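What follows is a single structure, written as structure tokens, with notes after it.
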Amino acid sequence: MPEGHTIHRLALDHSDRFVGRTVTVTSPQDRFAAASRLDGQVLSDVEAYGKHLLYRFGEAGWVHIHLGLFGKIWTKPTPLEPARSTVRMRLATIDWFADLVGPTQCMLIDADERAALFQRLGPDPLRADAVPDAAWQKLSKSRQSVAALLMDQHVIAGIGNAFRAELLYRAGLNPHVEGTRLTFAQWQMLWRDAKRMMRLGVRANRIVTTRPEDRERRHGRVQPSDATYVYRRAEMPCRRCGSMVVMEPLAGRRLYWCPSCQR
DNA sequence: GCTAAATGTTGAT
DNA sequence: TCAACCTTTAGCT
């Protein structure tokens, strides 16, 4: 269940473990037809862009993976375990194997298709080549809410429901503010914080946005759920002001925010 | 054992 | 705005 940080973490881990090695490629579920074509080839690169993950096999092309809402990749050291019937693709070397389960996308694509994919994505705060101004140009001209815009992968790539809620909270921004009403300074704050929080997410391999001082409860111990300020904290007291965190449906997703801290 | 929910996106109405 | 798709897990009974 991934936002951009999960995908980038996978790209880093799999670069270390699979790139430059001869890889066995199979599809226990038998729904990835190109597996047999890639089987036994050397993996040349792994790349993440937003929530998209690409495995390059030289001239053969790229395996384009999108995990969707509940896709997962399990990476384990060998010996190989029997694969579940739901494993769409298994990559394996002598030392490691990775099982892809439940993706919305797992397809071999060519250079043109890869270029087209990147073309339609906004800048990714986790990529060194990101041009944040491309996002500001779209955002500052849109009458959509900043909450909707942060989730729009054409505007900015890699942010999902959890990071959206947390970034808006940390910026003290009302999620319903229109893109056109956002100041450049507010945008810069969002972008810089996105970079910081998502990098932290890659490192921790999970989303942690709370500051240590906000994590400590006055009378209690630190809880595992202390990782976020508002995400999945509906009806719970805001860590800073104590008023109730609100959950409201927005475009089919759950939006969490603190109406008192986010004016 | 059953149900609901989950860090997502697309395409039809 | 809604349904469809993909699968696991937590929280019930």
Side-chain angles (χ1 to χ4, degrees), chain A residues 1-11 27-33 48-54 63-76 81-90 98-107 109 113 116-122 124-126 144-145 147-170 175 193-194 197-210 223-236 245 247-257:
Chain A
M1 288 171 267
E3 296 190 22
H5 67 295
T6 305
I7 307 306
H8 279 263
R9 175 59 182 259
L10 280 166
S27 179
Q29 188 188 41
D30 205 27
R31 281 187 53 186
F32 177 45
Y49 196 131
K51 300 170 189 169
H52 300 260
L53 184 59
L54 294 103
V63 179
H64 171 213
I65 289 168
H66 195 293
L67 294 182
L69 190 50
F70 24 71
K72 274 195 177 68
I73 297 180
W74 297 304
T75 311
K76 294 178 184 171
E81 292 169 5
R84 294 190 188 200
S85 61
T86 51
V87 174
R88 182 76 56 89
M89 178 181 78
R90 169 175 275 187
D99 283 351
L100 165 68
V101 164
T104 51
Q105 184 77 256
C106 174
M107 211 183 146
I109 63 171
E113 290 168 312
L117 169 67
F118 288 10
Q119 186 71 38
R120 64 181 169 82
L121 293 172
D124 175 353
L126 285 173
Q144 299 252 93
S145 68
L149 288 163
L150 285 184
M151 290 273 282
D152 185 340
Q153 304 298 301
H154 308 282
V155 174
I156 180 168
I159 292 175
N161 203 21
F163 272 126
R164 158 179 78 179
E166 296 300 300
L167 293 173
L168 289 172
Y169 178 88
R170 290 169 52 90
D193 203 39
M197 290 301 105
M198 292 175 81
R199 278 179 186 159
L200 218 151
V202 173
R203 188 187 276 253
N205 207 5
R206 68 190 196 108
I207 297 174
V208 180
T209 58
T210 48
Q223 307 276 321
S225 62
D226 281 351
T228 60
Y229 284 108
V230 288
Y231 177 67
R232 285 243 214 170
R233 285 180 46 82
E235 309 297 307
M236 295 169 77
V245 173
M247 188 285 282
E248 61 186 56
L250 181 80
R253 307 302 300 281
R254 294 180 169 198
L255 170 66
Y256 300 88
W257 62 298

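Remember, it's a predicted structure, so these values are computed and weren't measured experimentally. Residue numbers start from 1 in every chain, and the chains themselves are labelled A, B, ... in the order their sequence lines are given, proteins ahead of strands.
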### Message
Please determine whether a side-chain nitrogen or oxygen atom of R253(A) lies at a distance below 4.0 Å from atom OP1 or OP2 of dT7(B).
### Response
yes

### Query
Q144(A) and L149(A): which non-hydrogen atoms are nearest, and at how many Å?
O-CD1, 3.6 Å

### Query
Quick one: is dC6(C) close enough that its OP1 or OP2 comes under 4.0 Å of any side-chain N or O from R31(A)?
yes

### Message
Under 4.0 Å, counting only non-hydrogen atoms across every strand here, what does Q105(A) touch: a base, just sugar-phosphate, or nothing?
### Response
nothing

### Message
What is the separation between atom NE2 on H154(A) and atom C1' on dT10(B), rounded to the nearest whole Å?
### Response
10 Å

### E166(A) side-chain N/O to V230(A) backbone N/O, donor-acceptor pair under 3.5 Å
yes

### Query
Given the P atoms of dT13(B) and dC5(C), what is the spacing between them in whole Å?
14 Å

### Task
Look at R164(A) and dG8(B) and indicate whether a side-chain polar atom (N or O) is within less than 4.0 Å of OP1 or OP2.
no

### Query
Do the side-chain N or O atoms of R88(A) get closer than 4.0 angstrom to the phosphate oxygens (OP1, OP2) of dC6(C)?
no

### Query
Between F70(A) (CZ) and dC6(C) (P), how many Å, whole number?
9 Å

## Note on the structure
When rounded to whole Å, the CG to P distance for the pair N205(A) and dT7(B) reads 17 Å

### Message
Without decimals, in angstroms, what is the distance between M107(A) CE and dC5(C) P?
### Response
18 Å

### Task
Whole angstrom is fine here: how far is it from NZ in K51(A) over to P in dG8(B)?
4 Å

### Query
Any idea which of dA6(B), dG8(B), dT8(C) is nearest the V101(A) side chain?
dT8(C)

### Task
Please check the phosphate of dT9(B) (OP1 and OP2 only) for any side-chain N or O of H66(A) closer than 4.0 Å.
yes

### Message
Looking at R206(A) and G201(A), would you say the former's side chain and the latter's main chain have a donor-acceptor pair under 3.5 Å?
### Response
no

### Message
Measure CD1/I65(A) against C1'/dG8(B) and give the value in whole Å, please.
### Response
15 Å

### Message
Does a side-chain N or O of T86(A) approach OP1 or OP2 of dT8(C) to a distance below 4.0 Å, or not?
### Response
yes

#### Entry: dT7(C) OP1/OP2 closer than 4.0 Å to side-chain N/O of K72(A)
no

### Summary
Taken to the nearest whole Å, CZ/R232(A) to C1'/dT7(B) is 9 Å

### Query
Looking only at atom P, what distance separates dA5(B) and dA3(C), rounded to whole Å?
15 Å

### Query
Looking only at heavy atoms, which two atoms of R90(A) and D99(A) are closest? And how far apart?
NE-OD1, 2.6 Å

### Task
Return yes if some donor-acceptor pair links the side-chain N/O of E235(A) with the main-chain N/O of R233(A) below 3.5 Å, else return no.
no

### Query
Do R164(A) side-chain atoms and A147(A) backbone N/O form a donor-acceptor pair below 3.5 Å?
yes

### Message
Could you tell me how far apart L69(A) (CG) and dA3(C) (P) are, to the nearest whole angstrom?
### Response
17 Å

### Message
Looking at R84(A), I'd like to know whether one of its side-chain N or O atoms comes within less than 4.0 Å of OP1 or OP2 on dT8(C).
### Response
yes

### Task
Give a yes/no on whether any side-chain N or O of Q29(A) is located under 4.0 angstrom from OP1 or OP2 of dT7(C).
yes

### Task
Describe the nucleic acid contact of R120(A) in one word from base, sugar-phosphate, nothing, applying a heavy-atom distance below 4.0 Å.
sugar-phosphate

